[in-house]
Each structure stands twice: as structure tokens, then as C-alpha cells.
Amino acid sequence: MAAKGYVEISVECCKGCGLCVVSCPVKCLEIKKTDTNSFGLHYSFQAEDKCIACKNCAIVCPDACITVYKKTV
Amino acid sequence: MREGYEVVYKRPKSLIETRMHYCPGCFHGTVHKLLMEVLDEMEIVEKTIGVCPVGCSVFAYDYMNVDMQEAAHGRAAAVATAISRLHPDKYVFSYQGDGDLAAIGTAETIHACNRGENIVFIFINNGIYGMTGGQMAPTTLKGQITTTSPHGRDPINAGMPLKMSEIVSGFDGVAYVERVSCNTAGNARKTKKALEKAMKISEQKIGTSFIEVISNCPSGWKCTPVQSLDWIKDEQIPYFPLGVIKEPGK
Amino acid sequence: MGEIRFMKGNEALAEAAIRAGMQGYFGYPITPQSEIVEYLAMQEPNHDYVLVHAESEVASINMLYGGAGAGSRVMTTTSSPGFSLMQEGVSYIACAELPCVIANISRGGPGLGTIQASQGDYFQAVKGGGHGDYNLIVLAPNSVQEMVDHTIMAFELADKYNTPALILTDGAIGQMMEKVVLPEPIEYKPNKPWATTGKTKDRERNYITSLYIKSEDMEQKNFKLQAKYKEIKENEVRFESYKIDDAEIIIVSYGVSSRTSKKVVDLAREKGIKVGLLRPITLWPFPTEEIARLSKLDSTKFFLSVEMSVGQMVEDVKLNVEGRKPVYMYGRTGGIMMTPEEILEYAVKKYEEG
């Protein structure tokens, strides 16, 4: 069964602060330690497909780089 | 977008599509975003005029797609007073840090609040001067180490941290005072609610609103953004308790 | 023909501001200008302007910034120590290119000084005053009538050039009473598309700032300001000449001391000494070309700057005489009004020294 939600995080916009990672109740976000964006910063990404579309990560994101999608049916 | 999904949260329209200059994890961005969400949802962008301070948020007008004025250090309350008086049909907000609002601009803040100017103050309290490199602010906690209190803030020399929300809540002209934070998703949601409530109070023209946001400064505090959340929870909030301090009719 | 009244200088200035369509006034009491705040407070119910009795001159000038930035015709008034307090804000306003009017009904300094009339704020007025490279348009009324005329002119010039205009006068002109003719009120309609009045859908956001953090941007901003100041210098120099054509001694004097100096001209001519008066009406832009022209005339023997200071405007006179003729200065300070006789005595002494 597909997950309830998923997120898109703008790689260029993200500064890798990690506030989204700790705000996620299902621990599906991680910081990409093996890569950087063009600013030389690690960035956050959805590592596991178990997002519940609670929006916590997007609300605390200081750079407004997270879009949250929720399953319609 | 994947099939069978819909957008339930995205960057607010009025937050300009650009990369903000703030350090990673800084709550300035969070509060900018929440404020723009409120203006968008209330559909009052056209009727809002903002004032930004001197400090890290001096460039707030680069991010908020509303008419704005950049004030001299500490004088945002005076600038906002004139705008509000000359445009009584507009929502006027003053976005200021603690060095700006509570040190150099204390007089302007106090008198604007005492006059009950129809202004929404958004007071970012991170207990430090961020832009100039992490010096002691009037809100720096007792014992907190900064570049100008390298041995920790000593109340004998520097007094205790200034509680601006409690001070301004004593004025008849002030309608609504709430202290919030963005250290958790729940608290960030409360911050947004407080901003919305303040804007609605502004519409009623019943006095000043004052929203103090307990904020962070990972760069100035010399910690990671995630560590800054612990400092807020363990050190700042116990001294600056969150919650409504004053509201209309109470 | 307008309405004729017998008025105090400060009240005339206030009434003129109302008739100029002033929409906002922000002020703080200080002697000898408090009548302006008082007059405007008294008249407020009869008009549409906003009046805020500010908590300090610092607040007043920043309210002026806010009001001007929001597109309104606004004014503040003060006296010397208050004007010193305002300087940071004036610099911001000049850089942000906001039109507004400031009046300094000056008193004697330095320090807390005296509440008596003085012209010791000349440098502060014409050399910028605050930090950075900027100038204000500076008008120097010498009568109650000119308090009216210059106030209206200050609003017009401020709007024309998007720059703060300063009325620099003194406690004597502010406090004296004279007959004035008041003009009909102006129907002022602001046309300031750059102002922060709320971002409508048909335009980009407006923002008012004096921040240019990149060096290149700051320099470009300075070039823009200097181009504007050049245009003002070319178009807005105002002065008055009295018996100047055949004069051997050219007195340069402004404000209240120009009135005394005019008497000196007449007294000297009774003695057969040809004295003339050049009265700058705009202290900035200064009548540089007229002073240079007079300094090149064979008939001119020397210049005498008469001012109620230890010698401030005299420096600008010297700059434009460029050593072609001697330039002297006579002045009193502390609020002491000069008599025509003492000025004449000094002028005659210099004349006889050859």
C-alpha cells in the first residue's frame, strides 16, 4: 500500500539544518551526508516511504523548501 | 506530483522565491514564512505595510512580498506609528529583533505600545546580537556566554534579561501579548495562530499586539541548529515562559 | 490677496504647513519652537492632518521617515539640540530620498546652551549634518512672512526632488510677531507611486530603504544623489541683493542678522560708504556664482560675513571669493543680537585699514 504522503525538498534551497529531521514523527527524513548542493551544503531528503503528511517538517523548515503531498483517497 | 496525491503544504505565495540569507536553522525564515502564510490566507497582502529593523532581518523586504520600510536601528516602532496613523485602514507590522526592540529602541517600543498604536509587533528574541557576531543582548540569559560576556552574563553588571512581553502587557494601550516559539512543530503552529490573531485584532483597531517569538541563533550560540532547540527548551523557555500574557477583554 | 493676520513666526510656519496640505506632523517640545507643536495641536480638530506628540526628537524624525515613505506630506520641527538628536534619521531620509520638511528654530550652543536666537547651526544644516555624503535643501527665512512662504516652498521643493528640505531660522524669527499674508490652502494630491501604501496586484512591492550593502551599489547610490544635488544647485539658488551694484563692502548675511545688516547698509551710506547686502535665501544651494561674480568686480573692496556665530558661513564665502578679495567676519554668540552700530564700526575700521 502506498504511503499516506510524501515530501519534496528543494535541494538548492535546503541548508541542511536538520530541523525537519527531528520534527518528523515517523523518522523518514535524513540529511544527505554523501552529497552537497551548489552552495556546498548537505541537504535533507525523504529516505523512507512512510510519510504521514503531518506537515511538521514543512512548518518548522526555516527556508520554506518543503512541499507536502497527501494521498487523496 | 505522484498520481493520487494533492499538495497540502507549500511555500506561501507571498514569500518571495529566493534563497534567504539567514544561517541554517535560523527561525527568522520560519517566522517570515508563517507571517506570509497568515497574510495570504487572510487575503490582506494588499492592505499590509511592514517595517523591518536593523539586525539580521534588515533584508526582510527581500523576502516578504508586501510594501515595506527599513527603519533605523531601534526606530521601527516610530516608523510604524506614522504609517499606521496615516493609513488607519492598513495592517501595519513591525518585525524586530531583541537588540533592536529591547535595547536601542526601548523608548520607541514602550511609547508606541503605551499609545496603543495599531501595530502588530513581531519580536524575535534569540538572546543575542546575531548580525554583529554574537554579542550580549538585554535578553541574554544569566550566565550565558557571548562575545561580550565571555565569562557568562553577570546580573551584577548587566542586570537580568529583560522581559519585554511582561513590560508591555502592563499598558492599557496593548490589547494582546503572547510569547511563542518555533522550536517544535506544535509551537510553530501556535506562532502562526498568534500572528493570525494579532492581525485580526489589528482589524478591530483595539490596541497594540505584541508577539514575542523565542528564537535561536545557532551561529551566535556556537551550536548546531538541532542543539539550539534544546537550549530553547531547557534554558530560554523556563525564563521566558510561553503562552498568552494578555488578550482582549481579559 | 490672501488673508492678513498678525502672527508669531512659529505660528505662521505652523499655519502655512496646514495650508500647504500637510498630512502628518510629528514633534517634541523644545524652546524656542514649542508654539509650532502647540498651534498644530490646537488646530488639529479643524483639519485632516495626523499629529503625534512624539516621545523624543529621535522618534519624531523616524516618524517623519515612516510618514514620508508611506507617501504623505509630513513635517517635524525642533530647535538646535533636538536637531542634533535627529541627525541619524535625517541621513536615512536623505539616502532613502524621502520628501519631507524639517524646521530648526535654532538657539545658542554648543551643549544645552541658551534658548536665545543663534545661527550656530549653519555647518550642521548645510554640510549634511549626519553621516555620509548628502545635503539638505536649506531655506533661511528672515521674516514672519517668509516663515509662511518658505514653509510652502519647502514642501514643494521636497516633493520636486524627493529630498528633505530644512527651514533654518532662529528663535528671534520664531518668536517675533509681524503682519503676514496667508495664501489660500492648497488642495494637495500626493502622486508618489514609490510609496508604501499597500502592494496592489498591479504593481511590484514598494520598499523604502537606505541600505546598500554592496560597495558598488552604495557608490551608484551616491552618484545618483550627487546628480540630484547638482540639479538642485543649478536650479534652486535663491538670494536677495540690497544696494549691491556699486558697493565697495559686500555684507553677506542671512536670517535675523540680515535684517540688522540691511540697516548697516543704510547707516553706512549716510556716512558716504558704499555698502551692499547679499542675503542668501537658500543656504544650500549657496549663491556661489553671485559671490564669485561680486568678488571679481573692481568696485568690491572686501566681503563681510555677518552671522550670529563665531564664523561658519564665512567659510563658504571665502570658498567662493577664492582669495580675490579679503573676507572678514563679524558675529556675536550666546543669543546676543548685534546692533547695526557695532557692525558698522567694525566695517568702517576694516574699510579705513584699506
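Labels below follow one simple rule: chain letters A, B, ... track the order of the sequence lines, proteins then strands, and each chain is numbered from 1. What you see below is based on every heavy atom in this structure, not just the backbone, and it leaves out hydrogens, waters and symmetry mates.
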Under a 4.5 Å cutoff for heavy-atom pairs, which residue among K201(C), R205(C), E204(C) has the most contacts with chain B?
R205(C)
At a heavy-atom distance under 4.5 Å, which candidate from L211(C), T209(C), V52(C), N206(C) has the highest pair count against chain B?
N206(C)
Pair [X] + [Y], salt bridge at N-O below 4.0 Å:
X: E178(B); Y: K193(B); result: no
X: E196(B); Y: K192(B); result: no
X: R115(B); Y: E117(B); result: yes
X: R179(B); Y: E166(B); result: yes
X: E97(C); Y: K221(C); result: yes

Is there a side-chain contact between [X] and [Y], using heavy atoms and a 4.5 Å cut-off?
X: E57(C); Y: F83(C); value: no
X: I124(B); Y: H28(B); value: yes
X: R107(C); Y: L112(C); value: yes
X: N104(C); Y: T169(C); value: no

Any donor-acceptor N/O pair, [X] side chain to [Y] backbone, under 3.5 Å:
X: S228(B); Y: C217(B); value: no
X: T109(B); Y: L101(B); value: yes
X: S209(B); Y: V120(B); value: no

Which of V51(B), L86(B), I16(B) touches chain C most, by non-hydrogen pairs under 4.5 Å:
L86(B)
Is there any residue in residues 10-33 of chain C with a non-hydrogen atom under 4.5 Å from a non-hydrogen atom of chain B, and which ones are they?
Q23(C), G24(C), F26(C)
Using non-hydrogen atoms and a limit below 4.5 Å, what part of residues 62-82 of chain C faces chain B?
N62(C), M63(C), Y65(C), G66(C), G67(C), G69(C), A70(C), S72(C), V74(C)
What part of [X] is in contact with chain B, defined as an atom under 4.5 angstrom from a non-hydrogen atom: side chain, backbone, both or neither?
X: I61(C); result: neither
X: S60(C); result: neither
X: L51(C); result: backbone

Would you mind listing every salt bridge (charged side-chain N to carboxylate O under 4.0 Å, His left out) that reaches into residues 99-114 of chain B, with sequence neighbours excluded?
R75(B)-E108(B)
Under 4.5 Å from any heavy atom of chain C, what part of T48(B) do you find: side chain, backbone, both or neither?
backbone
Which atoms of A72(B) are under 4.5 Å from chain C, going by heavy atoms: the side chain, the backbone, both sets, or neither?
both
For atom CE of M42(C), decide whether the heavy atoms of other residues, nucleotides or ligands shown that lie under 6.0 angstrom number more than 12.
no
What residues of residues 56-69 of chain B make heavy-atom contacts with chain C at a cutoff under 4.5 angstrom?
V58(B), F59(B), Y61(B), D62(B), M64(B), N65(B), V66(B), D67(B), M68(B), Q69(B)
With no hydrogens and no angle check, do the side chains of S215(B) and N126(B) hold a donor and an acceptor under 3.5 Å apart?
no
Would you kindly say whether S91(C) and E88(C) are connected by a side-chain donor-acceptor distance under 3.5 Å?
no
So that I know where these two stand, are F123(B) and F210(B) an aromatic pair - ring centroids less than 6.0 Å apart?
yes
